[in-house]
Amino acid sequence: NPHDRAAGATHMTTRGIPTTADELIVTAGGQNALHAILTATLARGDSLCTAHFTYPGLLALARRIGIRLIPIPGDADGLDPDALDTALSRGARAVYLVPTIDSPTTATLPTERRVAIVAAVRRHGAMLIEDDAYGQLPAAPLPSLSSLMPERTWHVASTSKIISPVLRVAHVRAPDRDAAWRLAADVHETAVMAPPLNAALVTAWLHDGRFTKLVEAVRAETIARQRIVSRELNGLDYATHAEGYHVWLRLRKTDAVPLLIEAIRPLGLSVVPGEHFAAVPDGPVPAVRLSIGGTLDHERL
């Protein structure tokens, strides 16, 4: 629907990512967008750089399509630009990143590191896939990778993580108009279209201001829940973000992971073992990702 695409393009532009309706595609959620982007830009056997721990949905797509993942080391600030530059110099064709409140590690790339990553991608003629699932949660967002390099970046902004998972809608900014139409063809092959009622609802909320109010409400709730995390996990080794709803909890021993999961799951808290996020499986990981969102009230949390 041109009306939905125009609304998405306007919203992207207000966020500092100049976008026309011809450059924007509405997909049936972020996973549908990633599937379309990977199949439109990479072939079986191609290499894709990503963080050492990354989104399981991407891992599943890489396995299905036959893409070789190259895990890039990083630190508390995210991916290491120098290590990425080395991987790209050896022939990797693309990079996948969640630059803001990465899942599972919760790392957010500082501006200077974003600039360095974009420079490396541009220098080697690669493509960048920016999964901006959580980018609208921070009240003071950092520049998106797409705003720094629009001509080589696919920007995916889904609504499921910032408003509700029942909304299977994502706005995808392509590097150019031709790339957008190629993507639209793949989206049609896999999902036909984004759910029209969902898309119309998101468009209506963008026009009347409710979209912003809903994101602000989610942000306020995550901040309140993070206060609980800060109090209850005081003294433990974990990483999180004050406006996010994941906790990367590091443990001293790998054999403690199944015991912790067994204890936590009956409480209703989502907990996932760290190895589920490994770009290249290498045995048990002494960490778990806790999700403090969902339907748990504060007392239960």
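Values below: all heavy atoms of this structure, side chains included; hydrogens, waters and symmetry mates excluded. Positions are given from 1 along the sequence.
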- Item | Pair D85, H124: side-chain N/O donor-acceptor within cut-off below 3.5 Å | yes
- T100 and R114: side chain donor to acceptor below 3.5 Å: yes
Evaluate the side-chain proximity of [Y] to [X]: yes if any heavy-atom separation is below 4.5 Å, no if none is.
{"X": "V121", "Y": "L88", "answer": "yes"}
{"X": "L38", "Y": "W154", "answer": "no"}
{"X": "T106", "Y": "Y238", "answer": "no"}
{"X": "I261", "Y": "P273", "answer": "yes"}
{"X": "L48", "Y": "L58", "answer": "yes"}

- V215 with V156, same ILVMFWY side-chain cluster at under 4.5 Å: yes
- Following the transitive rule for hydrophobic clusters with a side-chain heavy-atom cut-off under 4.5 Å over Ile, Leu, Val, Met, Phe, Trp and Tyr, establish whether L34 and L59 coincide in one cluster. yes
Would you check if the side chain of [X] reaches a backbone N or O of [Y] as a donor-acceptor pair within less than 3.5 Å?
{"X": "S160", "Y": "V169", "result": "no"}
{"X": "N32", "Y": "T27", "result": "no"}
{"X": "R210", "Y": "A204", "result": "no"}
{"X": "E275", "Y": "P284", "result": "no"}
{"X": "S230", "Y": "Q226", "result": "no"}
{"X": "T153", "Y": "H155", "result": "no"}
{"X": "T54", "Y": "A51", "result": "no"}
{"X": "R152", "Y": "G125", "result": "yes"}

- Item | Audit row: L97, L109, side chain to side chain contact (heavy atoms under 4.5 Å, CB included) steps and yes/no | CA-CA 10 Å; L97 282 174; L109 290 167; 4.2 Å; yes
For the pair [X] and [Y], find out whether any cationic side-chain nitrogen is under 4.0 Å from an anionic carboxylate oxygen.
{"X": "R5", "Y": "D22", "value": "yes"}
{"X": "K161", "Y": "D131", "value": "no"}
{"X": "E130", "Y": "R173", "value": "no"}

Please report the interatomic distance [atom1]([X]) to [atom2]([Y]), rounded to the nearest 0.5 Å.
{"X": "L137", "Y": "I101", "atom1": "CG", "atom2": "CD1", "result": "5.0 Å"}
{"X": "I129", "Y": "S146", "atom1": "CD1", "atom2": "OG", "result": "12.5 Å"}
{"X": "Q31", "Y": "T190", "atom1": "CD", "atom2": "OG1", "result": "10.5 Å"}

Over all atoms of both residues, closest heavy-atom pair of [X] and [Y]:
{"X": "G135", "Y": "D132", "value": "CA-OD1, 3.2 Å"}
{"X": "A87", "Y": "C49", "value": "CB-SG, 3.7 Å"}
{"X": "A92", "Y": "I70", "value": "CB-CD1, 4.0 Å"}
{"X": "R113", "Y": "L79", "value": "CD-O, 2.9 Å"}
{"X": "I67", "Y": "D46", "value": "CG2-O, 3.4 Å"}
{"X": "D186", "Y": "A36", "value": "OD2-CA, 3.0 Å"}

- Query: So, H241 versus Y134, ring centres under 6.0 angstrom or not?
  - Reply: no
- Heavy-atom neighbours of R64 CZ exceed 12 at 6.0 Å: no
- Given Q136, which of H11, E216, E243 fulfils the side-chain hydrogen bond (donor to acceptor under 3.5 Å, both in side chains) condition? H11
- Yes or no on side chain to side chain contact (heavy atoms under 4.5 Å, CB included) for L69 and Y96, after CA distance, side-chain angles and deciding distance? CA-CA 10 Å; L69 293 179; Y96 168 84; over 6 Å; no
